[in-house]
Visitor: 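Structure provided below as structure tokens; questions to follow.
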Amino acid sequence: EQGMGNGISLLIFAGIVAVYSARTLAGPIEKLTADLQHISLGNLEGFHPENYHSSKEVRNMAIKISEMVFHLEVGLQQFHQKSRLQDLGEMAGGIAHEINNPLTIIEGRIRQINSLINKNAPAEEINKCLTSITNTTKRIAELIKNLRNLSRDAENDKFEIFSLSEIISTTLDVCNS
């Protein structure tokens with residue numbers, strides 16, 4: 001009878017330990033699982049390992065996950081920085097091309113004017129070339145103005161009402177220049 005009593009006592013004690021362990025570990029593990037779900041959806045903020053006090057193992061897992069989240073954030077920042085630099089390089093190449101074309105026109109017109117002067121051509125022909133140069137320089141100036149407007153930080157600007165057709169037109173000018 002005494003052996004059976006010890007067995008029942010041991011069984012009760014094991015049950016109490018099991019219930020206590022389940023309560024001590026299950027809640028934090030469920031919270032950790034929920035936090036991992038948020039992280040997997042891209043929400044890297046709001047995970048704090050110091051919120052896990054229940055067990056050393058769960059806290060250590062939370063610390064390791066926090067380190068992983070930190071490295072993910074650093075990697076994402078580096079990725080975005082490289083992506084911006086790549087985009088900037090492509091944009092710079094496009095701008096150089098867009099400015100080089102009008103400069104080639106200007107250079108050709110200057111050679112044409114020199115040739116016309118050497119041939120004592122009428123002023124009307126020379127003026128036609130000068131008008132072409134003026135229009136081309138205006139095109140370059142407009143491109144640069146649009147690029148400045150596009151690239152400047154307008155965070156502190158006052159809100160203004162603009163015509164939607166004017167915005168679309170300006171955007172198309174930048175794209176077509």
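In what follows, every heavy atom counts, from backbone to side chain, and hydrogens, waters and symmetry copies are set aside. Here the structure is a predicted model, which is why all the values come from computation and not from measurement.
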Visitor: Measuring from atom CG of Asn135 to atom CD1 of Ile133, what distance do you get when rounded to the nearest 0.5 angstrom?
Guide: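 Here the interatomic distance stands at 10.5 Å.
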Visitor: Throw together a table of side-chain donor-acceptor distances under 3.5 angstrom for residues 74-92, partners on residues two or more places apart or in other chains.
Guide:
| residue | atom | partner | partner atom | Å |
| --- | --- | --- | --- | --- |
| Gln81 | OE1 | Arg84 | NH2 | 3.0 |

Visitor: Taking it one step at a time, do Thr136 and Leu103 satisfy side chain to side chain contact (heavy atoms under 4.5 Å, CB included)?
Guide: CA-CA 8 Å; Thr136 305; Leu103 288 175; over 6 Å; no
Visitor: If you round to the nearest 0.5 Å, how far is CD of Glu73 from CE of Met68?
Guide: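 Here the rounded value is 11.0 Å.
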Visitor: Got a salt bridge between Glu142 and Arg139, using NZ or NE/NH1/NH2 to carboxylate O under 4.0 Å?
Guide: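 No, this pair does not count.
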Visitor: Scan the side chains in residues 106-126 for donor-acceptor partners under 3.5 Å anywhere in the protein, sequence neighbours excluded, and list what turns up.
Guide:
| residue | atom | partner | partner atom | Å |
| --- | --- | --- | --- | --- |
| Glu107 | OE2 | Arg111 | NH2 | 2.9 |
| Arg109 | NE | Ser132 | OG | 3.1 |
| Arg109 | NH1 | Gln112 | OE1 | 2.9 |
| Asn118 | ND2 | Asn114 | O | 3.3 |

Visitor: Is a side-chain donor or acceptor of Thr131 paired with a backbone partner of Asn127 at a separation under 3.5 angstrom?
Guide: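 Flag set: sc Thr131 to bb Asn127 pair under 3.5 Å.
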Visitor: Which atom pair, heavy atoms only, marks the closest approach of Ile99 to Ile140?
Guide: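 Between these two residues, the closest heavy atoms are O-CD1, 4.3 Å.
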